[in-house]
Amino acid sequence: QVQLVESGGGLVQAGGSLRLSCAASGRSFGSYAVGWFRQAPGKEREFVAAISWSGSNTYYADSVKGRFTISRDNAKNTVYLQMNSLKPEDTAVYYCAAGKPIITAQAMRSSNRYDYWGQGTQVTVSS
């Protein structure tokens, strides 16, 4: 069993930065792939970024590539999402999720491959 808690959301002006954290409790977190997803009001949940269990492979949605960076520190049981050059369209509730085994790039982007989810953190970008 893995429990996930997101933090770091807030209100920021367009062009600003935020760093989200996803802290995990439970055994063997280091063996789980972790993804970030987001859901804006009235829209479906969408993939943002994902990282393999080792941290050696990362994946991004085209809409955030070059602006967001996902990383993990398995010693701290934490995954990070550094978000730079934020835009109003990045406004959403951001969720982290963990699952295994998730191997392929396509699987990393699929929310139904993840077994555990956090409660979400709100990110609001003002124009």
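Fair warning: this is a prediction, and the values are worked out from it, not measured in the lab. We use all heavy atoms of the structure for the numbers below, so side chains are in, but hydrogens, waters and symmetry mates are not.
- Legend: residues meeting side-chain contact (heavy atoms from CB on, under 4.5 Å) with D115, ordered by chain and number and at least two apart, are absent.
- At least one donor-acceptor pair under 3.5 Å links the side chain of R72 to the backbone N or O of S52.
- Legend: residues meeting side-chain contact (heavy atoms from CB on, under 4.5 Å) with Q119, ordered by chain and number and at least two apart, are V5, E6.
- The main-chain N or O of K43 is found under 3.5 Å from a side-chain atom of Q39 such that the two form a donor-acceptor pair.
- Side chain of S28 to main chain of S31: no donor-acceptor pair is present (N/O by atom type, distance under 3.5 Å, no hydrogens or angles).
- Residue A14 comes nearest to S127 through the heavy atom pair CB-CA, 4.4 Å, listed as atom of the first residue, atom of the second, then distance.
- The closest donor-acceptor contact from the side chain of T91 to the backbone of V125 lies under 3.5 Å.
- Heavy-atom minimum distance, T78 versus S21: CG2-CB, 4.2 Å.
- R19 pairs by the salt bridge (Lys or Arg N to Asp or Glu O under 4.0 Å) definition with nothing, not counting sequence neighbours.
- Between the side chains of S17 and N84, at least one donor N or O sits under 3.5 Å from an acceptor N or O.
- Once rounded to the nearest 0.5 Å, the distance linking CG of L81 with CZ of R38 reads 9.5 Å.
- Within the structure, ring pair (Phe, Tyr, Trp, His ring centres under 6.0 Å) contacts touching residues 34-72 (residues at least two apart or in different chains) are F37-F47, F37-Y114, F37-W117.
- The two residues A33 and I102 come nearest to each other via the heavy atoms CB-CB, 4.0 Å.
- Side-chain heavy-atom separations under 4.5 angstrom define the hydrophobic clusters, and I103 shares its cluster with no other residue.
- Formation of a donor-acceptor pair under 3.5 Å by the T124 side chain with backbone atoms of L11 is not found in this model.
- Each disulfide (SG to SG under 2.5 Å) pair with one or both residues in residues 17-120, not counting sequence neighbours, appears once here: C22-C96.
- Classification of D90 and K87 as a salt-bridged pair fails, no side-chain N sitting under 4.0 Å from a carboxylate O.
- Connection of L18 to V64 is established within a shared hydrophobic cluster, with ILVMFWY side chains joined at heavy-atom distances below 4.5 Å, either directly or through further cluster members.
- Residue I51 is grouped with residue V48 when hydrophobic side chains (ILVMFWY) are merged at heavy-atom distances under 4.5 angstrom, including chains of intermediate members.
- Placement of L4 and L20 within a single hydrophobic cluster is found when ILVMFWY residues are connected by side-chain heavy-atom separations under 4.5 Å, directly or transitively.
- When all heavy atoms are compared, the tightest approach of V2 to Y116 is O-CD2, 3.3 Å.
- Side-chain N or O atoms of S110 include none that pairs as donor or acceptor with a backbone N or O of M108 at under 3.5 Å.
- In this structure, CG on L86 lies 10.0 Å from OG on S126, to the nearest 0.5 angstrom.
- Checked by atom type and distance alone, the side chain of R67 pairs as donor or acceptor with a backbone atom of S85 at under 3.5 Å.
- Note that CD of E46 is 11.0 Å distant from OG of S111, once rounded to the nearest 0.5 Å.
- Without hydrogens or angle criteria, S54 side chain to S56 main chain gives a donor-acceptor distance under 3.5 Å.
- When the side chains of ILVMFWY residues are joined at heavy-atom separations under 4.5 Å, either directly or via intervening members, I70 and F29 end up in a single hydrophobic cluster.
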